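What follows is one structure encoded as structure tokens, with my remarks underneath.
Given the structure is predicted, the values throughout are model-derived calculations rather than measurements. Numbers restart at 1 for each chain; the letters A, B, ... are given by sequence-line order, proteins then strands.
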Amino acid sequence: MDIRTRFAPSPTGYLHVGGARTALFNWLFARKLGGKLVLRIEDTDEKRNTPEARDAITEGLTWLGLDWDEGPDMGGPYGPYSQSERGDIYEKHLQKLQDAGHIYEDAGALRFRSPRQTVVVEDLVCGKIPFDMSNPGTHPDMTIRRPDGSWIFHFVNVVDDIEMRMTHVIRGEDHLSNTPKHIELYQALGATPPQFAHIPLILNKEGKKLSKRDGGSSLAYFIEEGYAPEAVTNYLCLLGWSPKDDREVLKLETIRELFDLGGVNRRNAIFDLDKCFWINGQHIIHMTPTRFMDLTLPFIEKAGIAYGDVSRLAPALAIVQPKVKHLSDVPEWIAFLFTEDFPIDPEASQKVLGKAGAKNRLEALAASLGALGEWNHSAIEAALKACASQLGAKVGELVHPARVAATGRQVGPGLYELLEVLGKDRACARLMKAAASAA
RNA sequence: GACCCUAUCGUCCAGCGGUUAGGACACCGCCCUUUCACGGCGGUGACACGGGUUCGAAUCCCGUUAGGGUCGCCA
């Protein structure tokens, strides 16, 4: 059997992490089994749809590194892939239901008459669940078309899944209770329902469904804050799934190999930004310098850092990569290398340079660094330590003011490496300049 | 309210009848160290409750409680 899954978001607002994870699970499942992933835009509610939201979906998926085989952008054998363009198809299926006597009118809207039987949902994650649909009070007949002719989600969703030959429907658990209604529709349409897999929800810190107000609920947040896509997919897959051993920092390829729907949890997970942050740091540390540059360049460009040629960027990025946690922090971490007019943290300047004796120590350090024949981080380290012992000062008493003098900041790359990349002349000049204003 | 799902450290994830209940994040110590970070070592910290079944339950069953979800002419 050829596996076919789909991600079917509605373009209302941004792509949120819950949607991203649903897309991820569909992608993992399809890709692991050599199946197809379809992107379908569920834009039946015109009032709520925006073009921006449409773009956010495709851009978000692309950013995450998830590709799809059929969709509005590239078409496919079962298109069109936007529900707003599939009116004829819905008409056809509606006619079928009407001919079979499943439809009745109610105040101008059309409703589907439930067979009122027990429907068993067989779910790959949740197991076998019988739903007693016999009570119209608790399971009212669903509306499938509004008086204005527009379509309701349940109907078009099922029609499209039939028409697009979906074999597996992997979606949020919030749809579990809707599934028996969907199955009634499949049966009325004479179609075999796909395999269902309802994955647990992602909750915020308060245990409520993740909403716009929650930090990190939008994928845009992670893009802007400088998360690596592979870190986000890594974290997201860990919400409800695990490789069943102690591994947590995983490549997408590894996750794809290991992924198994049957191994997915049934309990909702609370989103923990701290852990996502940690995973991001892990991915940054371990990624190749090339990857680091690729991910970092947009932030550097945006910040307007005049780095000249990318060859000048490489050494700067090399000293930053092991320590930076947000890619968006990179520009301010490297700014000092590409201009003499870099911003100076006033608090650092006052606190560190204002400390008694700072002037002396900076001058002494400038002198001993200036006398250095070789200019590399180990030579610098040796010289600084020698200088410190000569002055009877702690190493840190030289390191801190030197860092502020050289970078204008208290945090950043390792001092010795940073001075090496800065170059001897510029380094010494900055030490002297800072000394002039130090206490 | 009815129906459905769920219930292991604060959080995420292991455990699927016999474990000193494990790992990670966070937190707290210590070490390394140039700050932050990274790394190393150690610590605090959990089987919601009550009944069963069993020689033996975190694991199986029932109930209670709690949380979440669905019950739309939203998706």
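- Between the side chain of A:K351 and the base of B:U35, no donor-acceptor pair under 3.5 Å is found.
- Counting only residues at least two apart or in different chains, salt bridge (charged side-chain N to carboxylate O under 4.0 Å, His left out) contacts with residues 392-403 of chain A are absent.
- Residue A:K394 is classed as having no contact, given no heavy-atom separation below 4.0 Å to the nucleic acid.
- Using a 4.0 Å heavy-atom cutoff across all strands shown, A:Q410 reaches at least one base atom of the nucleic acid.
- Heavy atoms of A:N178 sit under 4.0 angstrom from at least one base atom.
- The side chain of A:K208 contributes an N or O atom lying less than 4.0 Å from OP1 or OP2 of B:G68.
- A donor-acceptor pair is defined here as one N or O able to donate and one able to accept, closer than 3.5 Å; no such pair exists between the side chain of A:N26 and the backbone of A:T5.
- Applying the ring-ring contact (aromatic ring centres under 6.0 Å, His included) definition to pairs two or more places apart or across chains, those involving residues 140-169 of chain A are A:F29-A:H168, A:Y90-A:W151, A:W151-A:F155, A:F153-A:H175, A:F153-A:H182, A:H154-A:H182.
- The side chain of A:V411 approaches B:U35 more closely than any other nucleotide in the set B:C74, B:U70, B:U35.
- Side-chain atoms of A:E374 and A:K424, non-hydrogen and from C-beta on, never get closer than 4.5 Å to each other.
- Dashed line: the shortest gap from a side-chain N or O of A:S242 to OP1 or OP2 of B:A14 is under 4.0 Å.
- Proximity of A:K251 to A:R256: side-chain heavy atoms (C-beta onward) are nowhere separated by under 4.5 Å.
- Contact annotation: side chain of A:K244 to base of B:A14, donor-acceptor pair absent below 3.5 Å.
- Across all strands shown, A:G412 has heavy atoms under 4.0 Å from base atoms, whether or not it also approaches the sugar-phosphate.
- Qualifying ring pair (Phe, Tyr, Trp, His ring centres under 6.0 Å) partners for A:F112, counting only residues two or more places apart in sequence or in other chains: A:H102.
- Under 4.0 angstrom from either OP1 or OP2 of B:U70 there lies at least one side-chain N or O belonging to A:K209.
- Contacts of A:E417 with the nucleic acid, taken as non-hydrogen atoms under 4.0 Å apart, include base atoms.
- With hydrogens and angles disregarded, a donor-acceptor distance shorter than 3.5 Å links the side chain of A:K359 to the backbone of A:A435.
- Against RNA chain B, the stretch residues 107-132 of chain A makes heavy-atom approaches under 4.0 Å through A:A107, A:A109, A:R111, A:I129, A:F131.
- An OP1 or OP2 oxygen of B:C12 is reached within less than 4.0 angstrom by no side-chain nitrogen or oxygen of A:Y235.
- For A:S177 and B:C5, the shortest distance from a side-chain N or O to OP1 or OP2 is not below 4.0 Å.
- A:P9 comes within contact range of no nucleotide atom at all, as no heavy-atom separation falls under 4.0 Å.
- At least one donor-acceptor pair closer than 3.5 Å links the side chain of A:W375 to the backbone N or O of A:L419.
- An OP1 or OP2 oxygen of B:C38 is reached within less than 4.0 angstrom by a side-chain nitrogen or oxygen of A:K325.
- Picking from B:A14, B:U11, B:C12 the nucleotide with the shortest atom distance to the side chain of A:R267 gives B:C12.
- Only the C1' atoms considered, B:C60 is 30 Å distant from B:A24, to the nearest whole Å.
- Between B:C5 and B:C61, the two P atoms lie 13 Å apart (nearest whole Å).
- The aromatic ring centres of A:W68 and A:F7 sit 6.0 Å or more apart.
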Take A:K275 and A:E248, measure what salt bridge (charged side-chain N to carboxylate O under 4.0 Å, His left out) needs, and give me the verdict at the end.
CA-CA 11 Å; A:K275 183 134 185 185; A:E248 288 197 314; 2.9 Å; yes
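- Nucleic acid contact class of A:H175 (heavy atoms, under 4.0 Å, all strands): base.
- For the 3.5 Å distance criterion, the side chains of A:S114 and A:D141 fail to qualify, holding no donor opposite an acceptor.
- Among the heavy atoms of the strands, none lies under 4.0 Å from A:P136.
- Rounded to an integer number of Å, the gap from NZ of A:K275 to P of B:A14 is 11 Å.
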Distances under 3.5 Å only, N/O to N/O: pair up the protein atoms with those of nucleotides 18-21 of chain B.
none

Pair A:R40-A:E70, salt bridge (charged side-chain N to carboxylate O under 4.0 Å, His left out): steps then yes or no:
CA-CA 8 Å; A:R40 182 172 76 225; A:E70 301 166 25; over 6 Å; no
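- A:P322 comes within contact range of no nucleotide atom at all, as no heavy-atom separation falls under 4.0 Å.
- Considering only heavy atoms from C-beta on, A:I202 stays 4.5 Å or farther from A:N268 through its side chain.
- The phosphate of B:U34 (OP1 or OP2) has no side-chain N or O of A:R361 nearer than 4.0 angstrom.
- OP1 or OP2 of B:C74 sits under 4.0 Å from a side-chain N or O of A:R146.
- Under 4.0 angstrom from either OP1 or OP2 of B:C13 there lies at least one side-chain N or O belonging to A:N265.
- No hydrogens or angles were tested; on distance alone, a donor-acceptor pair under 3.5 Å links the side chain of A:K323 to the base of B:C36.
- Nearest to the side-chain atoms of A:R266 among the listed nucleotides B:G22, B:U11, B:C5 stands B:C5.
- Comparing B:A2, B:A75, B:C12 by their nearest atom to the side chain of A:T138 picks out B:A2.
- With RNA chain B read from its 5' end, the first of the two nearest nucleotides for A:L239 and A:G414 is the one closest to A:L239.
- Looking at residues 396-407 of chain A, you'll see A:V399, A:H400, A:R403 sit with a heavy atom under 4.0 Å from some atom of RNA chain B.
- Using N1 to N3 plus N6-O4 or O6-N4 for Watson-Crick, or N1-O2 and O6-N3 for G-U wobble, each under 3.5 Å, B:C73 pairs with nothing.
- Of the candidates A:F25, A:F259, A:Y235, A:W241 forms a ring pair (Phe, Tyr, Trp, His ring centres under 6.0 Å) with just one, namely A:F259.
- Summarising the geometry, the separation between CH2 on A:W278 and C1' on B:C13 is reported as 12 Å, rounded to the nearest angstrom.
- Using a 4.0 Å heavy-atom distance criterion, A:L415 is classed as a base contact.
- Judged purely by atom type and a 3.5 angstrom limit, A:T179 uses its side chain to pair as donor or acceptor with the backbone of A:L176.
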